[in-house]
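Below is one structure, written out as C-alpha cells; comments come after it.
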Protein chains: 2
Amino acid sequence: MPSETFNNLNPVKKKAITDAFLREFAIKTYDEASISKVVRQLGIAKGSIYQYFDGKLGLFLYLSDAATQVKMKYVAGVQRSDFPDYWTFFRKLYEDGINFDLENPLESHFLHNLRNSLNSPSVADLYAKFMDQTLAAFRQMVKHEMDIGLFRSDLPLDTAAFFIYKSSLAIYEHMEIFVGLSPKERIAQNRSVFDGMTEKMLQVVDQYIALMKNALENPNL
Amino acid sequence: MPSETFNNLNPVKKKAITDAFLREFAIKTYDEASISKVVRQLGIAKGSIYQYFDGKLGLFLYLSDAATQVKMKYVAGVQRSDFPDYWTFFRKLYEDGINFDLENPLESHFLHNLRNSLNSPSVADLYAKFMDQTLAAFRQMVKHEMDIGLFRSDLPLDTAAFFIYKSSLAIYEHMEIFVGLSPKERIAQNRSVFDGMTEKMLQVVDQYIALMKNALENPNL
DNA sequence: AAAAAAAATGACCGGGTAGTCATTTTTTTA
DNA sequence: TAAAAAAATGACTACCCGGTCATTTTTTTT
C-alpha cells in the first residue's frame, strides 16, 4: 500500500515515521488522530505523507498491516495441539501476547486501540473484518473443545465463542481499572504498557481462566 | 445546570431540543457530535444553546442527568430481596431495562453510547464516575451473594463484580453482532433499539445467565 | 559537470467546529 | 400603550483539519 518512495526511505526515517503515527493512532481515535500534528512533531512536510500513503486511510491500513505482522510472529506458533487442555493453551497465548507488548509497545497498543475507531465508517469496515476473523477463530476453537467433550455443549457456539472473546478483552480492562494500568500515559512516554506487570497480569489471567473454566467446561468430567 | 431561560421554555420546544441532542450524542462521540448541525436541523440559533447551557459540556451533563433520571424510574424499584436468587433478580433488571428502551429509545441509547465518548478528557471524568458507581453496586451485590453462600468465594470481589458487569454489557454487543441489531440506524429512524426483539433478547440474556451461573455459583449447593 | 529523475516542501483551498456578543425581537410588566 | 425585561439571533472570531500541487531541493544518472 505505501508508495515506492516510502519503501526506499532511509530505514531510520521510515521507522521514525511509522512509530510516530503508530503512537498517534494508539492514543487517539482514527478521526481524532491528526496528521498535521504528527508531521509537525516529526519535522517533515505534510505533503510527504501524501506521497508515501494513499491518504489518511492508506496510512492507517499500512499501520494495521505492519502491527498485525509483528504480532503474528509472537502468536502464530502457539498451537492448541501442543497443550493438554484449552486453558493452558489460552494462558500461553496471553504470555506471548505480553512479550509482544514488552518488545513492541506501539504496535501492541495500536491494535488494542483499534476498536475505539469504530465510529469512522471507513475504519469500521476494517474493524469488522478483524472482528469476523477473531470470532471465527474462537468459534472454531470452541467447536473443537465441544467435539472432544471438554466443553459443555448446551450453549450456542456463537455465545460461547463471544463469551471467551469478551472475557479475554475484559482482562486488559481489568488491569486498567483495578491495577492502575494506564496505556495512554505509558505509550505517550514510549514505555511498554505491561512493563513490570507481567506477574500481576498473569495472576489476573488465571482468575479469568477460572471463571471461564467453570462457565464452559463439561461438568461430566 | 441549564439556565432559567431553558427551564422556562415551552415544554414542546424544550423536549424538541433535548431529544435532538440526545439523538446526536447517542449516535456520535462527544467530540464528533456537532452543536452546529443540530441547531441547523432544529431551526434555532446557535447562540440560544449557549444561553441555555454552559457550553457543550454543560449540555452533555444535562442530557446525562436527564437520561439517568428516566432510567432510574424503571430500575430503582427492583430489589434483590424480592427474588429467591441473584439470577431472577438480574433477569428482572434486564426486562425493565428493555421496557425503558422501548419507551425511551433516545435516553436508552444515549446511555449506551456514553462509553464511546471516553476519549474526550472532559467526558472521561463523568464516565469514570458512572463506572465507579456501577462497579460499587456490582461489588456490593457480589459480596452479598458470597456472604449468603450462593456465590463461590474463591475469587477476588473485584474480579467477580467486573466479570458480571462485563457479561451484562456483552449481551448488548451479542445482539448487535449475532442478531443484527443496529442501534445507530434505529436511533436515526427514531425507533426503539429493541423493538420487536424482546423475546430474542431475553433468550440471549438467559444464555449469558447460564454462563455466569456456572462461573460464579457455589458448587457446594 | 550537466541533465534527468526522484523526493521534499509548504502555502493554499475548502471545509468543519465551539464559542461570543452586540443587536433585534418578543414577552412581560407597569 | 409605553417602558422594561427576557429571549432569540447570526455574523463573527479563532481555531482546527485533510488534502493538493506547483515549485524547490536533493539524488542519481549520463
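Worth knowing before you read on, the calculation uses all heavy atoms, side chains too, and leaves out hydrogens, waters and symmetry mates. A, B, ... follow the sequence lines: proteins, then strands. Residue 1 opens every chain.
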Remember a base hit wins even if backbone is also touched, and classify B:Ile49 as base, sugar-phosphate or nothing at under 4.0 Å, heavy atoms. nothing
B:Phe6 near the nucleic acid: base, sugar-phosphate alone, or nothing, with a heavy-atom cut-off under 4.0 Å? nothing
Do the ring planes of A:Phe89 and A:Tyr86 sit parallel (below 30°), tilted (30 to 60°) or perpendicular (above 60°)? perpendicular
Give the ring-plane orientation class for B:Phe110 versus B:Phe25, where under 30° counts as parallel, over 60° as perpendicular and anything between as tilted. perpendicular
Looking at DNA chain D, which of residues 32-48 of chain A put a heavy atom within less than 4.0 Å of it? A:Ala33, A:Ser34, A:Ile35, A:Ser36, A:Lys37, A:Arg40, A:Lys46, A:Gly47
By a strict heavy-atom criterion of less than 4.0 Å, which residues belonging to residues 59-67 of chain A are in contact with DNA chain D? none
Check every nucleotide of DNA chain C for an atom under 4.0 Å from a heavy-atom of chain B, then give the first and the last such nucleotide from 5' to 3'. C:dT17 to C:dC21
Checking side-chain polar atoms at under 3.5 Å, does B:His174 have a donor or acceptor matched by the opposite partner on B:Tyr208? yes
So side-chain hydrogen bond (donor to acceptor under 3.5 Å, both in side chains) across residues 17-31 of chain A, not counting sequence neighbours, yields A:Lys15-A:Asp19, A:Thr18-A:Tyr62, A:Arg23-A:Asn190, A:Glu24-A:Lys28, A:Thr29-A:Glu32, A:Asp31-A:Ser120
Picking from B:Phe130, B:Phe100, B:Tyr172, what satisfies ring-ring contact (aromatic ring centres under 6.0 Å, His included) with B:His112? B:Tyr172
Side-chain contact test, heavy atoms from C-beta onward, threshold under 4.5 Å: evaluate it for A:Thr198 versus A:Phe194 and give yes or no. no
Listed partners of A:Ser48 passing side chain to side chain donor-acceptor pair (under 3.5 Å), at least two apart: none
Within 6.0 Å of CD in A:Glu173, more than 12 heavy atoms from elsewhere: yes
Neighbour count above 12 (heavy atom, 6.0 Å) for A:Asp54 CG: no
Please report, rounded to the nearest Å, how far the C1' atom of D:dT20 is from the CZ atom of A:Phe53. 18 Å
Holding to salt bridge (charged side-chain N to carboxylate O under 4.0 Å, His left out), I want the full list of residues that pass it with B:Arg191, two or more places apart in sequence or in another chain. none
D:dG10 -> Watson-Crick or G-U wobble partner, both distances under 3.5 Å, gives C:dC21
